[in-house]
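Quick note: residue numbers are just sequence positions, from 1. Values reported hereafter were calculated over all heavy atoms of this structure, with side chains retained and with hydrogens, waters and symmetry mates removed. Please read all numbers here as calculations on a predicted model, not as lab measurements.
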Amino acid sequence: MTLTQTETAYTVATPTVRKPRPSRARRGVVKALRRLPVWILVAVLMVVVLYPQVWMVLGSFKTQSEFLSNPALSLPETWNFDNYVTALTNGNVARNWLNSVMVTIPSVLLIVFIGVAAGYALEVMIWRGRNGVLLYILAGIMVPGQMILVPLFITYFRIGITDTLWPLIITYTVMGLPLTTFLMATYFRSVPREIFEAATVDGSGPLRSFFVIGIPMMKNSIITIALVQFFSVWNDLLIALTFTTRPDLATIQVGLLSLSDEYGSTQYGPLFAAVSINIVVLLILFLTLNKKIMAGMAGGALKG
């Protein structure tokens with residue numbers, strides 16, 4: 001009888017040497033160094049964007065002699081609001097600002113409501129020829145506005161509305177509709193069609209689906225388009241200069257021209273004050289609705 005002896009092999013585990021992890025402070029320094037180029041770029045962009053506005057606001061406190069004799073980068077010698085008083089009284093900026101509000105708000109409301117309804121009808125509702133109608137509307141984007149100013153002026157003159165603000169409202173509305181309709185059709189395309197089909201099954205008609213489902217879902221997009229059209233109408237000079245036949249009907253952009261006399265002499269202090277009033281109001285509006293704008297711009301980027 002033979003005995004077989006089995007040898008058992010034992011492996012000795014060698015301890016692994018772990019590298020010491022960097023401390024939290026060191027990781028923070030490394031992360032900060034990686035982000036440093038981005039911070040420098042953001043700082044440079046902020047200086048480029050904000051410096052002209054700061055220079056303009058500081059210039060609104062300077063006198064005419066300071067503009068002509070002192071360096072352009074110098075601070076005002078005295079801080080007074082005489083230029084703002086001159087801009088609001090002699091420059092008639094308050095009246096011009098009110099005219100811009102009376103023109104911009106109705107124009108933007110009409111552009112947004114008609115454009116949203118047209119985008120809904122062209123993208124959600126199914127009917128023959130809708131693609132051809134969309135192409136016909138998009139053709140309006142390719143028509144330069146300068147080509148139609150003279151025919152429009154003649155038409156408004158024959159109708160008898162040249163001494164009112166209606167020519168501005170009508171022109172702004174018509175010129176803003178093609179782009180608004182195209183953008184809203186794109187935004188509605190990102191909404192799943194099953195949502196509107198389910199509403200139809202539940203007995204909802206097209207009109208009710210538009211007000212109950214379409215408009216609430218497009219809230220951010222509507223705010224974005226409304227703000228874009230607001231800036232476009234508010235900052236326009238060519239159309240307002242063409243159709244405003246009386247000084248008391250001038251908008252804020254046309255009113256800024258009144259701060260220069262017929263010989264080309266410019267009152268820089270009141271001009272800078274008037275521009276500062278205009279820019280600060282728009283800047284506050286933009287900063288207030290900044291999150292809505294970003295959400296609306298990304299609303300049509302994803303197919304939902």
Side-chain angles (χ1 to χ4, degrees), residues 88 90-122 127 129-185 207 210 222 225-264 274-275 278 281-282:
L88 293 174
N90 299 342
N92 205 18
V93 173
R95 179 61 187 177
N96 297 334
W97 197 87
L98 180 61
N99 290 335
S100 293
V101 173
M102 295 174 61
V103 168
T104 303
I105 293 180
S107 302
V108 173
L109 290 178
L110 289 173
I111 291 172
V112 170
F113 181 76
I114 299 176
V116 173
Y120 174 83
L122 292 171
W127 46 280
R130 60 174 184 165
N131 293 329
V133 173
L134 180 60
L135 293 176
Y136 180 76
I137 294 175
L138 291 179
I141 301 177
M142 297 180 286
V143 178
Q146 295 83 353
M147 294 180 57
I148 61 176
L149 292 183
V150 175
L152 283 177
F153 184 85
I154 296 174
T155 303
Y156 295 147
F157 181 77
R158 292 178 178 176
I159 297 176
I161 59 175
T162 52
D163 289 335
T164 63
L165 295 176
W166 281 109
L168 297 178
I169 298 175
I170 297 173
T171 306
Y172 288 139
T173 302
V174 173
M175 296 186 67
L177 277 177
L179 180 61
T180 303
T181 302
F182 171 72
L183 292 177
M184 288 310 307
L207 190 61
F210 172 69
I222 292 174
I225 294 177
L227 198 58
V228 170
Q229 295 295 341
F230 177 87
F231 287 140
S232 177
V233 174
W234 184 276
N235 294 324
D236 175 74
L237 175 63
L238 179 61
I239 297 176
L241 190 61
T242 303
F243 296 116
T244 51
T245 57
R246 299 204 321 250
D248 58 331
L249 296 177
T251 59
I252 184 65
Q253 307 302 331
V254 179
L256 294 177
L257 299 178
S258 63
L259 298 175
S260 299
D261 58 21
E262 58 184 354
Y263 301 104
V275 176
N278 187 24
V281 173
L282 297 181

About how many Å separate [atom2] of [Y] and [atom1] of [X], when rounded to the nearest 0.5 Å?
X      : Y      : atom1 : atom2 : result
Ile170 : Leu165 : CD1   : CG    : 11.0 Å
Leu135 : Phe182 : CG    : CZ    : 10.5 Å
Thr173 : Leu110 : OG1   : CG    : 4.5 Å
Tyr172 : Ile239 : OH    : CD1   : 5.0 Å
Ile169 : Thr104 : CD1   : OG1   : 9.0 Å
Asp236 : Gln253 : CG    : CD    : 8.0 Å

Atom CZ of Arg158 with >12 non-hydrogen neighbours under 6.0 angstrom: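 12 or below, so no.
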Name the orientation class of the two ring planes belonging to Phe153 and Phe243 (parallel below 30°, tilted from 30 to 60°, perpendicular beyond 60°).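 Rings of Phe153 and Phe243: parallel, under 30°.
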In sequence, state the C-alpha distance, the side-chain angles, and the governing distance for Val112 and Gln229, and then conclude on side chain to side chain contact (heavy atoms under 4.5 Å, CB included). CA-CA 9 Å; Val112 170; Gln229 295 295 341; 5.6 Å; no
If you compare all heavy atoms of [X] against all heavy atoms of [Y], which two are closest, and at what distance to 0.1 Å?
X      : Y      : result
Trp166 : Ile161 : CB-CD1, 4.3 Å
Leu168 : Ala240 : CD2-CA, 3.6 Å
Leu122 : Trp127 : CD2-CZ2, 3.6 Å
Ala226 : Val108 : O-CG1, 3.7 Å
Ile141 : Pro178 : CG1-CB, 3.5 Å

Under a 3.5 Å distance rule, please check whether [X] uses its side chain to pair with a backbone N or O of [Y] as donor and acceptor.
X      : Y      : value
Asn96  : Val254 : no
Trp97  : Leu88  : no
Thr155 : Pro151 : yes

With Tyr156, the side chain to side chain donor-acceptor pair (under 3.5 Å) member among Thr171, Thr164, Thr242: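 That would be Thr171.
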Non-hydrogen side-chain atoms of Met184 and Ile222 separated by less than 4.5 Å: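 Touching, per the 4.5 Å side-chain cut-off.
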Could you check Ile111 against Met175 for side chain to side chain contact (heavy atoms under 4.5 Å, CB included), going step by step and ending with a plain yes or no? CA-CA 9 Å; Ile111 291 172; Met175 296 186 67; over 6 Å; no
What do the steps show when you test Trp234 against Val103 for side chain to side chain contact (heavy atoms under 4.5 Å, CB included), and what is the final call? CA-CA 8 Å; Trp234 184 276; Val103 168; over 6 Å; no
Residue pair Asn99, Ile252: steps toward the side chain to side chain contact (heavy atoms under 4.5 Å, CB included) verdict: CA-CA 7 Å; Asn99 290 335; Ile252 184 65; over 6 Å; no
